[in-house]
Enquirer: 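Take this structure, written in structure tokens, and hold onto it; I'll ask about it next.
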There are 4 protein chains.
Amino acid sequence: MEPKTIKKIGVLTSGGDAPGMNAAIRAVVRAGFYYNLEMYGIYRGYEGMINDDIKKLESKNIAHVLERGGTFLKSARSAEFRTPEGRQKAFDNLKKHGIDALVVIGGDGSLTGAHLFYQEFGIPAIGLPGTIDNDLSGTDSTIGFDTACNTAIQAIDKIRDTATSHDRLFFVEVMGRDAGFIAINAGIGSAAAATLIPEKKMPIEKLVERLKARKKAMKQSNIVIVAEGGKSGGATEIAEKIKKQLPSYDIKVTILGHLQRGGSPSSFDRVLASKLGVAAVEGLMQGKYDVMAGIINNKIVFTPITKAIVDDKEVDEDDFRIAKILST
Amino acid sequence: MEPKTIKKIGVLTSGGDAPGMNAAIRAVVRAGFYYNLEMYGIYRGYEGMINDDIKKLESKNIAHVLERGGTFLKSARSAEFRTPEGRQKAFDNLKKHGIDALVVIGGDGSLTGAHLFYQEFGIPAIGLPGTIDNDLSGTDSTIGFDTACNTAIQAIDKIRDTATSHDRLFFVEVMGRDAGFIAINAGIGSAAAATLIPEKKMPIEKLVERLKARKKAMKQSNIVIVAEGGKSGGATEIAEKIKKQLPSYDIKVTILGHLQRGGSPSSFDRVLASKLGVAAVEGLMQGKYDVMAGIINNKIVFTPITKAIVDDKEVDEDDFRIAKILST
Amino acid sequence: MEPKTIKKIGVLTSGGDAPGMNAAIRAVVRAGFYYNLEMYGIYRGYEGMINDDIKKLESKNIAHVLERGGTFLKSARSAEFRTPEGRQKAFDNLKKHGIDALVVIGGDGSLTGAHLFYQEFGIPAIGLPGTIDNDLSGTDSTIGFDTACNTAIQAIDKIRDTATSHDRLFFVEVMGRDAGFIAINAGIGSAAAATLIPEKKMPIEKLVERLKARKKAMKQSNIVIVAEGGKSGGATEIAEKIKKQLPSYDIKVTILGHLQRGGSPSSFDRVLASKLGVAAVEGLMQGKYDVMAGIINNKIVFTPITKAIVDDKEVDEDDFRIAKILST
Amino acid sequence: MEPKTIKKIGVLTSGGDAPGMNAAIRAVVRAGFYYNLEMYGIYRGYEGMINDDIKKLESKNIAHVLERGGTFLKSARSAEFRTPEGRQKAFDNLKKHGIDALVVIGGDGSLTGAHLFYQEFGIPAIGLPGTIDNDLSGTDSTIGFDTACNTAIQAIDKIRDTATSHDRLFFVEVMGRDAGFIAINAGIGSAAAATLIPEKKMPIEKLVERLKARKKAMKQSNIVIVAEGGKSGGATEIAEKIKKQLPSYDIKVTILGHLQRGGSPSSFDRVLASKLGVAAVEGLMQGKYDVMAGIINNKIVFTPITKAIVDDKEVDEDDFRIAKILST
């Protein structure tokens with residue numbers, strides 16, 4: 001497509017927050033400045049676009065945000081943006097400020113909004129994958145995923161201390177929505193006895209069998225990682241089922257919860273977010289619209305948003321195999 | 001009391017594990033070596049004493065344990081030790097090894113065991129306060145408490161990132177059994193909107209009022225710390241009650257759980273455990289039996305175990321006042 | 001002294017920054033709001049007082065600063081404040097804003113400034129001990145000290161990994177100016193082979209002897225902690241001397257440096273800073289001027305600034321003894 | 001090549017240690033057990049092979065090592081292994097134990113040893129890239145590199161706190177030998193004012209210019225990352241040159257040093273090491289000898305050791321461009 005001339009870019013974060021969103025915003029804004037563009041922060045996602053919660057950003061707004069978790073632009077869900085009237089209001093506000101392009105950082109819902117908005121109003125929009133769940137195609141890793149994995153294993157390291165001291169069996173539930181990416185990494189990375197992910201059904205009997213085999217092999221502590229979106233239920237449900245079959249085990253459950261969403265981003269996420277932030281601005285300048293910027297095989301790739309959302313990225317079969325080899 | 005001549009000391013950890021227990025064990029053993037004593041590790045607490053799970057410790061056994069969470073001697077509850085027969089078996093095992101004194105690291109239950117054992121068999125025994133709950137008299141701080149506070153605030157820092165990004169209200173439940181020490185420190189240390197501790201009843205109405213006042217003052221995120229042993233219920237119960245009165249709030253709950261028990265001990269806990277470990281050995285050599293070694297006002301103090309357990313240490317009224325001043 | 005009526009308090013940080021300064025500022029400001037006072041931030045210490053770099057603080061200025069290292073009010077050295085003319089200019093600026101009391105957070109130099117200023121202009125001033133060095137009397141622990149100790153041991157934990165993998169001897173230099181507080185805590189807390197502090201001269205021969213004894217005892221890695229202000233030189237000098245006497249050792253040096261000054265404050269420092277911040281405001285309201293607020297034996301204590309600075313706090317003899325027992 | 005039947009595998013770590021080596025050893029051993037092989041630990045690298053410091057490994061030897069920095073098999077340099085006589089002695093020891101294949105974890109020197117040994121004695125050998133420097137071809141990332149980057153940015157985050165509080169200019173030296181990988185990641189990940197890497201010569205004048213431009217733009221703190229292997233010298237030398245040209249700047253230097261080699265491995269390194277450990281064993285079973293296992297574009301790849309060492313991996317030109325865009 002023949003690139004339009006872009007002078008003012010608006011940037012927003014939407015959906016669940018993820019560590020590295022601030023680093024991405026900073027990179028977008030700083031790249032904009034590098035190319036002499038005016039940069040606008042749209043606060044609270046699409047909600048702020050509708051409510052004209054929009055401010056011109058200066059260098060000082062992005063000082064010392066790179067290393068902070070969360071998103072200083074804040075995030076919110078917007079029911080109104082799902083209506084044509086809401087989107088019209090949002091578009092009018094962009095026009096008012098002269099904003100002629102958008103960078104949207106978020107998960108599939110957020111990118112869908114950008115796509116819809118582009119389709120309806122033709123405003124150049126590019127998406128960045130910001131979610132701890134890593135459930136977007138078009139990128140090997142989403143912004144926030146690596147940090148969430150680190151947060152998870154560090155928490156599990158602490159849990160292992162107490163599990164081992166007491167010869168206990170722990171069920172630890174990690175986030176990831178319908179995807180098992182955090183779980184499989186946490187499982188491999190924390191020497192878990194087993195990892196239950198939504199992509200693979202593991203019958204309770206098989207889990208019982210493995211736990212018994214480990215007891216025979218004198219392994220005294222056991223940690224089982226359970227992805228929140230698993231078909232057999234969360235950590236609490238699984239633990240209850242196991243308890244019935246292995247009543248002599250000392251079983252505990254920890255649900256890591258929202259602490260996985262926060263924290264200072266890891267080196268990997270800071271670098272990823274920084275690269276993608278620059279790519280978003282350069283992509284817009286080159287006429288790449290309605291796409292998501294990602295990194296595949298170490299290269300920047302622009303994938304149509306519709307494809308980035310629809311495609312089903314799944315935990316690699318080989319990762320699952322390795323988790324199994326290492327846990328038995 | 002005229003000190004008996006001590007040649008072999010047994011050391012054990014019992015009850016819930018706490019970060020710094022390893023540092024305490026190491027200090028006990030190393031101090032023993034310094035004074036040319038033989039040192040024995042009793043594994044799995046009183047259970048191991050009964051089952052003769054006892055090994056002579058050498059320098060290599062305590063290498064690189066100081067910085068590790070948990071307890072390499074392991075911990076367990078022992079029903080059998082509560083019976084006279086169990087204790088007789090335990091005593092016979094000590095005699096078999098020639099162990100003539102004991103250091104017991106743990107909470108009130110563990111120290112009670114040491115007291116009982118001393119009363120019945122006259123074996124010199126000294127206790128060290130090892131619990132994250134800080135609910136023992138006879139010491140300003142128990143081993144593990146400072147680490148647990150740090151673990152809690154670091155987790156809450158992460159939760160605050162996401163709370164702020166979404167203008168949410170979080171209820172975070174911390175450990176502490178019947179004591180609010182972790183909660184009050186976490187509350188002050190994480191700028192909580194309110195802190196609910198077992199020692200103080202806070203009516204739901206008052207909490208609702210404070211949350212409303214904060215909304216008026218434009219504070220966008222709110223974290224409420226809930227001690228697990230609170231009379232009004234845990235974080236989940238409180239959150240449900242608040243939800244009914246403030247239905248428009250976006251409310252989430254996180255129960256930090258067992259990760260508070262693990263982790264590499266903080267500097268404070270390493271130093272505290274090291275000092276108390278040396279004090280335990282020197283105390284035994286000076287004829288201080290049936291006491292717990294603690295630090296009060298920066299000085300080593302030996303308190304009769306019966307007193308260390310019975311007395312009720314409570315959250316300082318002034319700490320509660322300060323938490324209130326800083327949260328409104 | 002009959003307390004003056006105070007309506008506007010100015011707060012500043014001065015000298016070397018320390019983790020927890022932000023928490024202290026926040027507590028001062030929030031306590032001021034609690035008592036319906038107007039609060040002013042004086043930026044860049046006394047330099048900002050002279051240059052009228054003074055702003056009225058609102059609630060939003062202190063949001064999300066508690067958990068951050070450094071000082072958002074910034075710090076600077078001021079040569080001009082050491083002159084009567086400089087101090088007159090500073091005083092005129094305070095008068096201009098109607099500021100009728102001061103809270104100064106910093107080390108001995110900063111508190112001296114407050115004292116001098118109070119003597120000359122009679123402006124109610126209270127100091128808070130903010131320094132990682134812990135070298136102020138009138139408080140058991142200064143704000144930032146506990147965090148610096150934690151930063152040090154966490155860094156040394158990493159160094160130990162590599163020391164042990166290679167059977168190396170490491171000399172690690174920690175901060176503390178003329179005081180050995182960080183060093184002695186780091187020494188005890190990281191199982192150091194030896195700890196060299198300014199308060200105690202350790203002849204090189206004795207250190208050589210101890211290292212040889214450890215080699216005999218098959219201890220394969222060795223970490224020696226060196227306080228920066230030691231009389232025998234820093235880590236580099238000591239290492240060179242040892243190298244000459246033990247040429248077969250694989251010796252490395254790490255100077256931890258300024259990373260010890262930063263970082264999110266520990267739980268202990270957050271709570272300490274919070275309590276002292278409230279105490280400062282309440283102290284001013286009660287007519288406590290020209291004093292430093294500290295915590296001694298778990299109680300708030302106000303010590304005349306002249307005494308807090310002059311007195312020589314030294315590493316406890318018993319701490320040194322314990323470090324020795326545990327390292328041999 | 002027709003795979004030989006392998007029954008006993010020896011594993012060793014050699015050269016500078018790196019976080020994740022323990023995770024790699026564990027994965028090698030556990031994969032061996034999975035395939036019913038006998039596994040031997042060769043202690044202290046090639047030195048231990050020569051000195052017969054070799055032990056059969058059991059499950060308990062690799063319990064709780066995955067999360068620990070360093071290498072429990074220890075590492076050492078061996079002058080003797082560089083001689084044919086030394087290698088003959090080493091080979092004889094392997095034969096004595098019946099070890100019929102090797103996994104060598106380390107950097108280029110370590111892999112060269114494996115290659116030589118394979119050439120001379122035909123013993124199946126596979127290498128794994130274990131070094132924080134990331135300077136090996138045949139893998140996108142070496143084991144330990146991601147952890148070192150995280151350690152670096154976390155240290156720099158702390159330094160930034162104090163840099164910002166005092167409006168200072170810091171020169172921070174990071175490791176990486178002749179490669180700028182840690183530096184460029186740390187530079188992007190910590191919002192550095194400039195990053196000096198061996199691969200790119202940056203004249204002092206250009207650096208001075210950039211620092212001046214930043215001062216004009218009111219950026220108050222500046223962090224310059226310097227790779228240790230830079231042609232213009234280390235952080236100390238650069239700082240001295242800058243000091244002469246910008247005498248009014250408050251300049252400090254921190255050399256991060258060996259703490260970058262230690263620490264619990266990151267999630268990324270744990271997973272990478274785990275996958276490569278399994279790949280090494282499966283590779284040997286499939287007849288892949290004299291190669292290094294790595295991950296390129298998310299796929300396991302076996303590269304001839306001679307190629308993995310000789311090829312020059314360089315910092316991506318685009319990474320350098322992005323660092324520049326984001327720092328100006």
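Values below: every heavy atom of this structure, side chains too, minus hydrogens, waters and symmetry copies. Bear in mind that the values here come from a model prediction, so they are computed numbers and not experimental data. The chains referred to below are lettered A, B, ... by the order of the sequence lines, with proteins before strands, and numbering in each begins at 1.
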Enquirer: Against chain D, label A:Glu282 side chain, backbone, both or neither, depending on which of its atoms sit under 4.5 Å from a heavy atom there.
Expert: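 Only the side chain of A:Glu282 comes within 4.5 Å of chain D.
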Enquirer: In Å, rounded to the nearest 0.5 Å, how long is the span from CZ of A:Phe145 to CG of A:Leu272?
Expert: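 Reported to 0.5 Å precision, the distance equals 11.5 Å.
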Enquirer: Restricting to salt bridge (Lys or Arg N to Asp or Glu O under 4.0 Å), what partner residues turn up for A:Asp161, sequence neighbours left out?
Expert: none
Enquirer: Which atoms of A:Leu66 come close to chain D, meaning under 4.5 Å heavy atom to heavy atom: side chain ones, backbone ones, both, or neither?
Expert: side chain
Enquirer: Which heavy atom in D:Val281 sits nearest to a heavy atom in D:Tyr35, and how many Å separate them?
Expert: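 Looking at all heavy atoms of both residues, the shortest contact is CG1-CD1, 4.1 Å.
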Enquirer: Given a strict heavy-atom distance threshold of 4.5 Å, which part of A:Asp157 is in contact with chain D: side chain, backbone, both, or neither?
Expert: side chain
Enquirer: Working to the nearest 0.5 Å, report the span between CZ of D:Phe33 and CD of D:Glu38.
Expert: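 Here the rounded value is 9.0 Å.
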Enquirer: Between CD1 of D:Ile156 and CG of D:Leu256, what distance do you get to the nearest 0.5 Å?
Expert: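 The distance works out to 6.0 Å.
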Enquirer: Is there a donor-acceptor contact under 3.5 Å linking the side chains of A:Arg270 and A:Ser264?
Expert: yes
Enquirer: Apply the side-chain contact (heavy atoms from CB on, under 4.5 Å) test between A:Asn298 and each candidate in D:Asp318, D:Asn297, D:Asn298; give the one that qualifies.
Expert: D:Asn297
Enquirer: So for D:Lys60, is it side chain, backbone, both, or neither that comes closer than 4.5 Å to the heavy atoms of chain A?
Expert: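 For D:Lys60, no heavy atom lies under 4.5 Å from chain A.
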Enquirer: Under a 4.5 Å heavy-atom cut-off, does chain D meet the side chain of A:Asn150, its backbone, both or neither?
Expert: both
Enquirer: Could you tell me which residues in residues 19-30 of chain D have at least one non-hydrogen atom under 4.5 Å from a non-hydrogen atom of chain A, sorted by residue number?
Expert: D:Arg26, D:Ala27, D:Arg30
Enquirer: Using atom types as modelled and distance alone, determine if a side-chain donor or acceptor of D:Arg210 lies under 3.5 Å from a backbone N or O of D:Ala193.
Expert: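 At least one qualifying donor-acceptor pair exists.
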Enquirer: Does A:Lys219 use its side chain to pair, donor to acceptor, with the backbone of D:Ser59 at less than 3.5 Å?
Expert: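 Side chain of A:Lys219 to backbone of D:Ser59: no pair is present.
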Enquirer: Pick one of side chain, backbone, both or neither for A:Ser266, based on which atoms fall under 4.5 Å of a heavy atom in chain D.
Expert: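 The answer is both parts of A:Ser266.
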Enquirer: Using a cut-off of under 4.5 Å on heavy-atom pairs, state which of A:Ile300, A:Ile322, A:Asp316 scores highest against chain D.
Expert: A:Ile322
Enquirer: Using a cut-off of under 4.5 Å on heavy-atom pairs, state which of A:Gly189, A:Gly187, A:Cys149 scores highest against chain D.
Expert: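 Maximum pair count with chain D is reached by A:Gly189.
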Enquirer: Quick check for you: among A:Ile184, A:Asp269, A:Val278, which has the greatest number of heavy-atom pairs under 4.5 Å with chain D?
Expert: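 Answer, by heavy-atom pair count under 4.5 Å with chain D: A:Val278.
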Enquirer: Using a cut-off of under 4.5 Å for heavy-atom pairs, which of D:Ile188, D:Val271, D:Leu326 has the most such pairs with chain A?
Expert: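 That would be D:Leu326.
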Enquirer: Sort A:Thr151 into side chain, backbone, both or neither according to what part of it lies under 4.5 angstrom from a heavy atom of chain D.
Expert: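 Interface part for A:Thr151: neither.
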Enquirer: Could you walk me through whether D:Lys200 and D:Glu314 satisfy the salt bridge (charged side-chain N to carboxylate O under 4.0 Å, His left out) test, starting with their C-alpha distance in whole Å, then the side-chain angles of each, then the deciding distance to 0.1 Å, before giving a yes or no?
Expert: CA-CA 10 Å; D:Lys200 284 264 176 191; D:Glu314 286 218 338; over 6 Å; no
Enquirer: Report yes or no: does D:Thr142 contribute a side-chain atom to a donor-acceptor pair with the main-chain N or O of D:Gly130 at less than 3.5 Å?
Expert: no
